[in-house]
Asks: 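Input: one structure, supplied below.
Scope of the values below: all heavy atoms of this structure, side chains included, with no hydrogens, waters or symmetry mates.
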Amino acid sequence: LDILNSRPVALTEAHELFREIAERDAVLNEIGFERYMGFLIHWQFVEIRSEMYEITETGRSFLSFVTQVGLPKERLH
(Lines give C-alpha, C1' and ligand atoms only; values in the text may rest on other atoms or scores of the structure.)
Protein backbone atom coordinates (compact mmCIF):
# COMPACT_ATOMS: atom_id res chain seq x y z
CA LEU A 1 0.00 0.00 0.00
CA ASP A 2 2.87 2.38 0.68
CA ILE A 3 4.04 2.21 -2.94
CA LEU A 4 0.49 2.65 -4.23
CA ASN A 5 0.09 5.63 -1.93
CA SER A 6 2.82 7.41 -3.89
CA ARG A 7 1.82 6.32 -7.42
CA PRO A 8 -0.31 3.87 -9.42
CA VAL A 9 1.45 0.63 -10.34
CA ALA A 10 1.05 -1.34 -13.56
CA LEU A 11 -0.31 -4.86 -13.11
CA THR A 12 2.92 -6.44 -14.39
CA GLU A 13 5.11 -4.26 -12.14
CA ALA A 14 2.94 -5.18 -9.14
CA HIS A 15 3.73 -8.88 -9.70
CA GLU A 16 7.46 -8.12 -9.63
CA LEU A 17 7.22 -5.89 -6.54
CA PHE A 18 5.24 -8.56 -4.70
CA ARG A 19 7.74 -11.26 -5.67
CA GLU A 20 10.63 -9.19 -4.27
CA ILE A 21 8.82 -8.60 -0.98
CA ALA A 22 7.54 -12.18 -0.70
CA GLU A 23 11.09 -13.53 -1.00
CA ARG A 24 11.76 -11.95 2.41
CA ASP A 25 8.35 -12.67 3.96
CA ALA A 26 7.23 -16.27 4.41
CA VAL A 27 3.60 -15.32 5.09
CA LEU A 28 3.24 -13.32 1.87
CA ASN A 29 5.11 -16.01 -0.04
CA GLU A 30 2.59 -18.59 1.18
CA ILE A 31 -0.45 -16.38 0.48
CA GLY A 32 0.61 -15.54 -3.07
CA PHE A 33 0.01 -12.51 -5.23
CA GLU A 34 -3.52 -13.29 -6.45
CA ARG A 35 -4.92 -13.95 -2.98
CA TYR A 36 -3.20 -10.92 -1.45
CA MET A 37 -4.36 -8.50 -4.15
CA GLY A 38 -7.81 -10.10 -4.07
CA PHE A 39 -7.98 -9.31 -0.35
CA LEU A 40 -6.95 -5.66 -0.90
CA ILE A 41 -9.49 -5.26 -3.71
CA HIS A 42 -12.28 -7.01 -1.79
CA TRP A 43 -11.85 -4.69 1.21
CA GLN A 44 -11.56 -1.70 -1.14
CA PHE A 45 -8.01 -0.71 -0.18
CA VAL A 46 -7.00 -1.00 -3.85
CA GLU A 47 -8.77 -0.85 -7.20
CA ILE A 48 -7.79 -1.55 -10.80
CA ARG A 49 -8.11 1.29 -13.31
CA SER A 50 -6.75 1.20 -16.86
CA GLU A 51 -4.45 -1.78 -16.18
CA MET A 52 -3.06 -0.08 -13.06
CA TYR A 53 -3.46 -0.80 -9.36
CA GLU A 54 -4.41 2.36 -7.47
CA ILE A 55 -4.93 2.98 -3.75
CA THR A 56 -8.42 4.06 -2.71
CA GLU A 57 -9.47 6.55 -0.05
CA THR A 58 -10.11 3.55 2.21
CA GLY A 59 -6.53 2.40 1.64
CA ARG A 60 -5.17 5.87 2.39
CA SER A 61 -7.27 6.08 5.54
CA PHE A 62 -5.95 2.70 6.66
CA LEU A 63 -2.32 3.80 6.15
CA SER A 64 -3.07 7.00 8.07
CA PHE A 65 -4.58 4.97 10.94
CA VAL A 66 -1.55 2.66 11.06
CA THR A 67 0.76 5.67 11.26
CA GLN A 68 -1.32 7.45 13.90
CA VAL A 69 -1.44 4.49 16.28
CA GLY A 70 2.19 3.54 15.65
CA LEU A 71 1.67 0.06 14.20
CA PRO A 72 4.59 -1.38 12.20
CA LYS A 73 3.72 -1.35 8.48
CA GLU A 74 5.94 -4.30 7.61
CA ARG A 75 3.68 -6.77 9.47
CA LEU A 76 0.30 -5.78 8.04
CA HIS A 77 -0.75 -9.13 6.67
Side-chain angles (χ1 to χ4, degrees):
L1 285 178
D2 270 337
I3 294 169
L4 291 175
N5 198 31
S6 63
R7 65 180 174 85
V9 174
L11 301 181
T12 54
E13 181 186 1
H15 278 278
E16 180 61 26
L17 291 169
F18 183 88
R19 186 189 61 76
E20 291 172 7
I21 294 168
E23 285 177 355
R24 299 182 310 270
D25 189 311
V27 174
L28 287 180
N29 192 37
E30 184 178 326
I31 291 171
F33 179 79
E34 297 299 328
R35 282 181 57 202
Y36 184 71
M37 293 309 295
F39 170 84
L40 294 177
I41 290 168
H42 174 80
W43 291 103
Q44 299 178 353
F45 292 136
V46 172
E47 62 189 3
I48 299 173
R49 287 189 182 170
S50 303
E51 302 293 314
M52 305 285 279
Y53 286 108
E54 295 184 16
I55 194 167
T56 64
E57 281 303 312
T58 301
R60 282 191 176 87
S61 294
F62 178 71
L63 286 178
S64 178
F65 166 77
V66 167
T67 300
Q68 288 175 357
V69 298
L71 295 174
K73 291 181 184 177
E74 64 275 357
R75 297 302 300 171
L76 294 176
H77 47 60

Asks: Could I get the full list of side chain to side chain donor-acceptor pair (under 3.5 Å) partners for N29, not counting sequence neighbours?
Replies: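 N29: no side chain to side chain donor-acceptor pair (under 3.5 Å) contacts found.
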Asks: So, do Y36 and L28 sit near enough that their side-chain heavy atoms are less than 4.5 Å apart?
Replies: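 Y36 vs L28: side chains touch.
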Asks: Students often mix this up, so state it plainly: with edges at 30° and 60°, are the rings of Y53 and F33 parallel, tilted or perpendicular?
Replies: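 Ring orientation of Y53 relative to F33: perpendicular.
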Asks: Once side chain to side chain donor-acceptor pair (under 3.5 Å) is applied, do any residues pair with R49, and if so which ones, sequence neighbours excluded?
Replies: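 Checked R49 against side chain to side chain donor-acceptor pair (under 3.5 Å); matches are E47.
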Asks: Could you pull out all residues at least two apart from E57 that satisfy salt bridge (Lys or Arg N to Asp or Glu O under 4.0 Å)?
Replies: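 For E57, the residues satisfying salt bridge (Lys or Arg N to Asp or Glu O under 4.0 Å) (neighbours in sequence not counted) are R60.
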Asks: Taking everything shown except E16 itself, do over 12 heavy atoms lie less than 6.0 Å from its CD?
Replies: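 More than 12 heavy atoms, drawn from other residues, nucleotides or ligands, come within 6.0 Å of this atom.
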Asks: Is M52 linked to I48 within one hydrophobic cluster, defined over Ile, Leu, Val, Met, Phe, Trp and Tyr using a side-chain heavy-atom separation of less than 4.5 Å?
Replies: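 M52 does not cluster with I48.
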Asks: Taking all heavy atoms of T58 and all of Q44, pick out the closest pair and write down the distance.
Replies: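 Shortest heavy-atom contact: CB-O, 3.2 Å.
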Asks: Quick check for you: to the nearest 0.5 Å, what is the distance between W43 atom CH2 and T56 atom OG1?
Replies: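 Atom-to-atom, W43:CH2 and T56:OG1 are 13.0 Å apart.
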Asks: Are more than 12 heavy atoms from other residues, nucleotides or ligands located less than 6.0 Å from atom CD1 of I3?
Replies: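 Check fails, neighbour count at 12 or below.
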Asks: Kindly write out the residues that satisfy ring pair (Phe, Tyr, Trp, His ring centres under 6.0 Å) with F45, not counting sequence neighbours, or none if the list is empty.
Replies: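 F45: ring pair (Phe, Tyr, Trp, His ring centres under 6.0 Å) contacts with F62.
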Asks: Any non-hydrogen side-chain atom of L63 less than 4.5 Å from a side-chain atom of I55?
Replies: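 SC-SC contact between L63 and I55 confirmed.
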Asks: Rounded to the nearest 0.5 Å, how far does CG of L17 lie from CG of L4?
Replies: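 One gets 8.5 Å once the value is rounded to the nearest 0.5 Å.
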Asks: Should we count CD of E30 as having more than 12 external heavy atoms under 6.0 Å?
Replies: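 Check fails, neighbour count at 12 or below.
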Asks: Mind checking what makes side chain to side chain donor-acceptor pair (under 3.5 Å) contact with E23, not counting sequence neighbours?
Replies: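 So E23 forms a side chain to side chain donor-acceptor pair (under 3.5 Å) with R19.
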Asks: List in chain and number order the residues that pass side chain to side chain donor-acceptor pair (under 3.5 Å) with R7, two or more places apart in sequence or in another chain; answer none if no residue qualifies.
Replies: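 Result, side chain to side chain donor-acceptor pair (under 3.5 Å) vs R7: E13.
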